[in-house]
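A short worksheet on the structure shown next.
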Amino acid sequence: MLDKNYDAKSVEPRIAKRWDDANAFAAGAGAKPDADPFCVVIPPPNVTGSLHMGHALNNTLQDILTRYKRMLGQNVLWQPGMDHAGIATQMVVERKLAEEGKRRTDFTREEFVEKIWEWKAESGGTIFNQLKRLGASCDWSREKFTMGEKGEADDPMVQAVMKVFVDLYNEGLIYRGKRLVNWDPHFETAISDLEVENIETKGHMWHFKYPLADGATYEYVEKDENGNVTLRETRDYISIATTRPETMLGDGAVAVRTDDERYAPIVGKLCEIPVGPKDHRRLIPIITDEYPDPNFGSGAVKITGAHDFNDYMVAKRNDIPMYRLMDTKAAMRADGAPYADDAARAMEIAKSGNTPDENTVDAINLIPDDLRGLDRYEARKKVIEQITSEGLAIMVPETDPRLGPVKAPLAPEDGDEVRALVPLVEKKKMQQPYGDRSKVVIEPMLTDQWFCDAETLAKPALAAVKEGRTEFVPKSWENTYFNWMENIQPWCISRQLWWGHRIPVWYGPAHPDRRGTPEGKGRQMFVATTEEEAFEQAKKFYEGYEVVLNNNVAPGAAATQLGDEEPRYFEMTISRDKDVLDTWFSSALWPFSTLGWPENTKELQTYYQTDVLVTGFDIIFFWVARMMMMGLHFQKEEPFHTVYVHALVRDKDGQKMSKSKGNVVDPLDLMDEYGADALRFTLAIMAAQGRDVKLDTTRIAGYRNFGTKLWNATKFAQMNDVPMGQDFDPTTATSPLNRWILTELGRAAAEVTDALDRYRFNDAAGAAYRFVWNTFCDWHLELLKPVFNGDDEAAKTEARAVAGYVLDQIYALLHPFMPFMTEELWQQTANGRDTLLCHAAWPTAVVDDEAAADSINWLIEVVSEIRSARSEMNIKPSLMVPLVVANGDNETRSLFDTHQAAIERLARVETISFADSVPDGAAQIVVSGQTICIPLAGLINFDAEIARLDKDLKGIEKDIAQAQGKLNNEKFVANAPEAVIEENKARLADRQNRREKVLAALARVRDSQS
RNA sequence: GGGCGAUUAGCUCAGCGGUAGAGCACUACAUUGACAUUGUAGGGGUCACUGGUUCAAUCCCAGUAUCGCCCACCA
């Protein structure tokens, strides 16, 4: 016998262990011979991670699918693993070190990386244990890590990444170059566009004068829309607006639109950057470009190619030098020659109009000595001060509307004009880029990075979805995918971090004997999947020279001269690239790297293409798109045929859960309180497509109660000797009640199955819920009671067998949603069950008996109506009442005979009799065209009875009016489908019949009252 | 600036061309045998607004309002 209560806390670990001991989720476990494979790869959680609601939802859905497919007998693999999560992990470990008062830079790179591995060993299993608590049926023996077991170079997980890099490099799809990238000054690394969040912030726009060189002047004319001159003055400057004054130091030009008449007179002239030591002011040219918008600001834009993405494009187009102003921490540069020297050098460049190579330009430091080393915002303040104090800020009256509402203008009194002039500093909302992890303002920075030609890789990935080989569910996400893929930019894949896959490129010096050829110039690259291979390449390249490998020297350092006497003998040192790859580069390979690629393993052959990817929309770009690209490129087949995109779990008020907001709901707490099954069921039933899940904990309690209900239903079965786990053929059942519940079971199973096949998790859970609670518990079990209490032994035997069968099927049907409790019930309810429920067969419909269904549905209606009438008449529940069926036809009599015991028990009826007329002083119920009476003279309150019948009548008449209205409408009859017309006709006939009966009943009540 | 989504019972959400549903909350009643983590009965909604299409609109179309998200280079 079951315990009084289901105790999730003790059952869940026990069942989990049982699955574990049985290896129940090993790839292919429980599969039929030659079964179709079904494979899902887990979105790998961060190694630093701990289970949050997003994981709980994501993994619940995957588990529902894999358990369902496993029960269908398919060859199932749910592949688990973790992601090394470069920045996130490095951040966590750095934070940990900070607690000990240490910094990353207190260690060597090797030491620090070793610390991360230690940390992984220590706490890396946390999230898997949490996933196991949730019931995730992954093949845990196949756990993978994006960095391999220990990061060894020959680990297949590492080799997969290396091979992909090398292959793409050899195909020209990966290249290195100096580009403007998003630079995170906190982590001191480049990041990709996707890792930047644009946040609206309050900023300012300053307006400054850039004086024309040599005191030149021009006539500045402004016109309105109609061409009338609104302003004409002689100027010796050009007005420039900027939100980032500190970048003025790196300006390479001022650009105006080609057709901007205002500036036509000065195009091609030089102007002066109004900051820095007076005697070394730099002059820059005024150029034309299509980029400036004449209607914005002054129409003239300063061009700082090294610190702004737009300017970068302009500078490239016009061969304007790009001067890098900041260091890796976004502080103003303090390296290189004194300002005077470098400024002079820049002047020469500007005058010559020939921009030297990028490394030469990069070496020039244009930060005035007094600003060197300052933080970029400190520098901004100083720059503004200096320009303003020199009188080069554009001045406007205090009343200028551009100053914004903050500065209250002095009201011009008694014709006074202007009280004062102030610098024009517009208050302005602007989109500011922030690092999504560091939350620090991103700095566009000109650096050497590795890029992947995403545009080329995206083409097949785009076509795969366009042509339907991979489908998104819900489909609307495909537009998001298309939009991004069609506008995809080169993917910056290098990161200046310590934790990650180190880029498999080794650098050596220029070849000493090949001056004047590419091999004899600059550093040489050896791209190889292993160090040995790179070494071999280098040896071949530097044939005749000594080659050594030393990763501690700067990559591509000059050849070392060996021996004083033999100057022709050099040592060629090669050293590996210091950078690591973007984490998503390795994640992109997940669907095939986890299956053993680059080796052609049996798993790869069996399970690739995988089936469904279940993921949140926030990583469609980061991950899904890149898996599509890499999967198609390296396997020539999409990594999955379906992408199920679920919503974000938000808090009750629709806010994204975040630690900083303090609104995080911890799924572990919820599992402690309600059990894993209740949490899972809630997430499943709330996972409607296309909408966020706003989690309301009261619902979890509700579904916990659902589990209790099932538990108690099973207890009831046990108390009535219902046999479970029998080999019973349900088609042999004969009684209407049994055939009815089998019919309902089949319908429910079909509904759940269909919903799961369409990824309608909420519909699936809802259908199972309704069947178990509202059909099986509310009616079938109640209707069984009179059978079990009766003395028809044959009927009891069949009823028990059917009840046992249905319960077994219920466990199976609910198992994907509530695996722990159902497995526990499965194990406890039958002796000698040698199977695990997780491997049991998925329910299918075997009995569909319309007549039996009609019969029981009639019974349910009668009972419900009697109960309703009793309640409204305030007849005490304890009072057993007689029932008189007036003018019943034979069919009705037979139904009452069949269901006599059930009606008596469920409606608390003492006797059922038949009469030719309605007895006096009776409550009258009209159901299925029959008038049923409760003759309780004296107990019936006539007013209440009249009110009840009136209410009934009103509803009926409303129905009649509606149905009649439709049927009288010629257009309706002409256009509506036959079924709808029939439905309305039937409704009308039924209501008319009932109206007659109810009117008669009303008349009788009124009669007896008078 | 572009795109997407939402607006349904007091709350959190399903439904989506043929007479509105769930969970929680609420009201009344019921505690001798599966279950108070319960049962029975009930109250509560012009399905944001305005037009249109249709025999029929909560559902389709257009527009409005409010809210939310994603993308975007206006200095």
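What's counted below: heavy atoms across the whole structure, side chains too, no hydrogens, waters or symmetry copies. Numbers restart at 1 for each chain; the letters A, B, ... are given by sequence-line order, proteins then strands.
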Please classify the nucleic acid contact of [X] as base, sugar-phosphate, or nothing, using heavy-atom distances under 4.0 Å.
X: A:Ala976; value: base
X: A:Asn762; value: sugar-phosphate
X: A:Trp206; value: nothing
X: A:Gly299; value: base
X: A:Phe296; value: base
X: A:Lys785; value: base
X: A:Thr708; value: base
X: A:Asp959; value: base
X: A:Arg704; value: base
X: A:Arg244; value: nothing

Checking only heavy atoms, does the side chain of [X] share a donor-acceptor pair with the base of [N] at less than 3.5 Å?
X: A:Lys715; N: B:C35; value: no
X: A:Glu782; N: B:A34; value: yes
X: A:Arg991; N: B:U19; value: yes
X: A:Arg870; N: B:U40; value: no

Rounding to a whole Å, what distance do you find between A:Gln828:CD and B:A34:P?
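Going from A:Gln828 (CD) to B:A34 (P), I get 19 Å.
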A:Lys709, nearest nucleotide to its side chain (from B:A41, B:A34, B:A75)
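Nearest listed nucleotide: B:A34.
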Modelled atom types, side-chain donor and acceptor of A:Tyr434 and A:Thr201, under 3.5 Å:
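No, no side-chain donor-acceptor pair sits under 3.5 Å.
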Would A:Asp251 and A:Tyr210 count as having a side-chain donor-acceptor pair, cut-off 3.5 Å?
yes
Please determine if A:Glu246 and A:Arg244 form a salt bridge, counting it only when a charged side-chain N lies under 4.0 Å from a carboxylate O.
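Result for this pair is yes, salt bridge flagged.
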